[in-house]
Amino acid sequence: MTGAAILRTEGLHKRFGDLHVLRGIDLRVAEGERIAILGSSGSGKSTLLRCLNFMELPSAGRVFFHDRPVGTEETRGGATAVRYRERDLAALRRRVGMVFQSFNLFPHMTALENVMEGPLTVLRRGRGEAAAAARRQLARVGLEDRADEYPARLSGGQQQRVAIARALAMEPEVMLFDEPTSSLDPELVGEVLGVIKALAEEGRTMLLVTHELGFAYHVASRVLFLHEGRILEEGPPERLMKAPREERLRTFLARFSEFSF
Amino acid sequence: MRRSLIALAALAAAALPAAASADVLDKVKERGTLVVGVKTDYKPFGFRDPSGAIIGIEPDLAADVAKKLGVKLELVSVVSANRMEFLRQGKIDLMIATMSDKPERRKVVQVIEPLYYSDAVNVMLSDKVKVTKWEQLKGAKLCGTTGAFYNKDVATQYGPEIISFDGSEKPLIALQQGNCIGYLYDQTFIAGKLLDAEWKGYHMPLPGIMETPWAMAVAPGEDRFAKLMSDLTKEWMKTGRIVELEKKWGVKPTEYSERMYKEYKGS
Amino acid sequence: MAAFFDWFRWLYEATGINLTILYDAFDRQRMVAGFWTTVWLCLVCIALSVVIGVVGAWLQGSSLKWTRRAVQGFIALFRDTPPLVQIYFFYFGLGALLPRVPNAYGIPEPVLTNVQWAIISLSLFAGAFNIEIFRSGIEAVPRATVEAAEALGYSRLRAYVHVVLPLAFRICLPALNNNLVNLVKTTTLAYAIAVPEMLYVAKQIWSDATNVPEMMVFLLLAYVFLVGCVVWVMGRIERRLKVPGIGL
């Protein structure tokens, strides 16, 4: 393990009613790490990502940000529960960016306004400063010429690049990518992956849930394989993806017949 | 609205077969009973006592007529919408029912002259409001009833701000709640209200304005009865009978009654 | 100007068309005042009812059960009862319970006037509908869009103000238009508690001058004009807010 841990989880569980999705996840994300999370659908990989910025509240276990636990423990009537205050969660989310599968841009704002919105409203930056920064972020994802378009007028790939710029504008310490290319037409996947790859090369800390195994192989510094809510196997991509130890991972990798390194 | 109703009533009345062909005085004497239409919702002019009997100023006048004819008296409750109808249909022989004298009405029924009484416009005020002249109400808030013909005239002549409501209950509630300092309405109505304990603390200090005389009526063509009633009315005025009845029923005598009394006293 | 007004006196004498609001100075003044009272009622009630709608819809999404129930009760009370009954209830019912201050005559006078009661009552009435309208708009905003805001570190209130409301507002604008048009028409009910708005003044005038048909036609045209203004303004807002991809 290199560098200080930015994010860490201890015994993370998540239940949706009777459905036990995460069954004890212990994970440590060090600065500069690029972690790809693999797993078949229903394995809990998206839920894990969403628990890291509290889009979902964990049912049990704790998340640590810079080694400080998020949420406060409260004992009431003998039972101990963790209370997550809105203010604490908002503070965490400011420093952990997220990119969604379905982009989720604000449809009533132009591309530029979407990117400006966070710094303007949450970080209370000035309008001019926020606009200039937003233009730089758009340039970084290659969309400076589409700044004044509304999301409905942009292709899926362009929308996702705006969404990435929107997350970057908050200058987060970690980026969470939740299947960023799964909603895209095949010919649009490349432009988004290109942007993510560039970010990886800058040395950004990131977690990426993806089905693009080739991309994961080339970009990730570490790969996790989730199965039924547990981390079944993890390691560097070369080792994990070329010489998997677990039978389930072998079956999983075999399903991607077009997968080649 | 009211005008068209009256027109309709007149039309309906004209379509009916002439009701009173025989002289009504003969019929009354033959029957031994005089039937008079009076109001029962207009304290103190015609209302019911706790036992249900109809009493008031107008029933007393009706009793005078029966006494004069030497017959018994039967009182029939009428309302504004049916009082002329009843007369034309012969259901009542005589109407003494707070009816304002209007030209259209004279076409439908036979009005007795001189006119026996007169309503006026007045204002019921809290005892705290001490005024002696209408002009002192300039700028004051008065409650009123929508559709009263005098609202505008009072507003333009004396300058109060009139806030008017539908019917007479709502303006009275508004008055009690202090939304206005007085209620501008028919003087006879106010006089009746002031008899109620509920309206203790209110008074009617101003002289009535814009007199609207009331008319008794008989069926058209009953000239003999009309003449008799006319003579009797003059006698009432001469003897001060009406002023006396006003006092009996607790109403401050109207300027009209007092004027008529003064006028006829010497004759 | 005087010649113009006198022409209507001539019109009355020649044809029987009796427009006292033009040739009679007293009637003219009170109708002009009535028009402005109606405009004032409309503007204030529209503003207050929209505020009530926005705040109410936000409270309706509260995590506190009793807050949600209180909003639900408020809506049931004001949406499901006739506005005329509400106006009477406020003016004659609640008005009686209000503290009073003595006026110049020493008579205790309620602290709220009939105009203020009309504004309160009409705003709450239209506000109850606005809560429901905004709620339907808010429910149409995808959860994922709100999540995107939360992921940027928005609080619930900030996400509501910056993302949910602007989207919900665009979605529910047609329904809001209808309700505000209705509100303009409903202001006529204020006549019942003697608020000197246009219908009240018209009733005063026609009971004096018995020119009911003329005043009815005038009222009709006046409200066509007023509602036309509201529709025009709302249309402009709609065009200004129009954004590709959001159903308007």
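Just so we're on the same page: letters track the sequence lines, and every chain starts at 1.
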Worksheet item: Which heavy-atom pair separates A/Met98 from C/Ala151 by the least distance, and what is that distance?
Response: CB-CB, 4.2 Å
Discussion item. Within the supplied structure, the quantity of interest is the number of heavy atoms (other residues, nucleotides, ligands) at a distance under 6.0 Å from A/Arg153 CZ; does it exceed 12?
Written reply: no
Fill in: Gap separating the CE atom of A/Met109 from the CG atom of C/Leu167, nearest 0.5 angstrom
7.5 Å
Worksheet item: What heavy-atom pair brings C/Ala148 and A/Arg166 nearest, and what distance separates the two atoms?
Response: CB-NH2, 3.4 Å
Response to the item:
d(A/Leu89 CG, C/Arg156 CZ) to nearest 0.5 Å is 14.0 Å
Item to complete: With sequence neighbours excluded, tell me which residues meet salt bridge (Lys or Arg N to Asp or Glu O under 4.0 Å) with A/Arg140.
Response: A/Glu202
Fill in: Spatial distance of atom OG1 (A/Thr121) from atom NE2 (C/His162) [nearest 0.5 Å]
4.5 Å
Worksheet, complete the sentence: Minimal heavy-atom distance between C/Thr145 and A/Phe106, with the atoms involved, is O-CE2, 3.6 Å
Worksheet item: With chain C, which of A/Pro107, A/Pro172, A/Pro151, A/Gly118 has the greatest number of heavy-atom pairs at distances under 4.5 Å?
Response: A/Pro107
Worksheet item: Is it the case that more than 12 heavy atoms not belonging to C/Arg240 sit under 6.0 Å from its CZ atom?
Response: no
Response to the item:
Closest non-hydrogen contact found for A/Ala90 with C/Gly153 is CB-O, 3.5 Å
Worksheet item: What part of A/Arg85 gets closer than 4.5 Å to chain C, counting heavy atoms only: side chain, backbone, both or neither?
Response: neither
Discussion item. Please check if the number of heavy atoms outside C/Phe225 that lie under 6.0 Å from its CZ is greater than 12.
Written reply: no
Discussion item. If I measure from the heavy atoms of chain C, does A/Val96 come under 4.5 Å with its side chain, its backbone, both, or neither?
Written reply: backbone
Worksheet entry | chain C contacts, top residue of A/Leu105, A/Thr110, A/Asn104, A/Leu123 (heavy-atom pairs, under 4.5 Å) | A/Asn104
Discussion item. Applying the side chain to side chain contact (heavy atoms under 4.5 Å, CB included) criterion to C/Tyr154, which one of A/Glu86, A/Glu117, A/Arg93 satisfies it?
Written reply: A/Glu117
Practice prompt. Grab the two heavy atoms, one from C/Pro244 and one from A/Ala152, that are nearest each other, plus how far apart they are.
Written response: O-CB, 3.4 Å
Fill in: Atom pair CG (A/Leu120) and CG (C/Leu152), whose distance is rounded to the nearest 0.5 Å
12.0 Å
Item to complete: Below 4.5 Å from any heavy atom of chain C, which atoms of A/Leu92 appear? Answer side chain, backbone, both or neither.
Response: neither
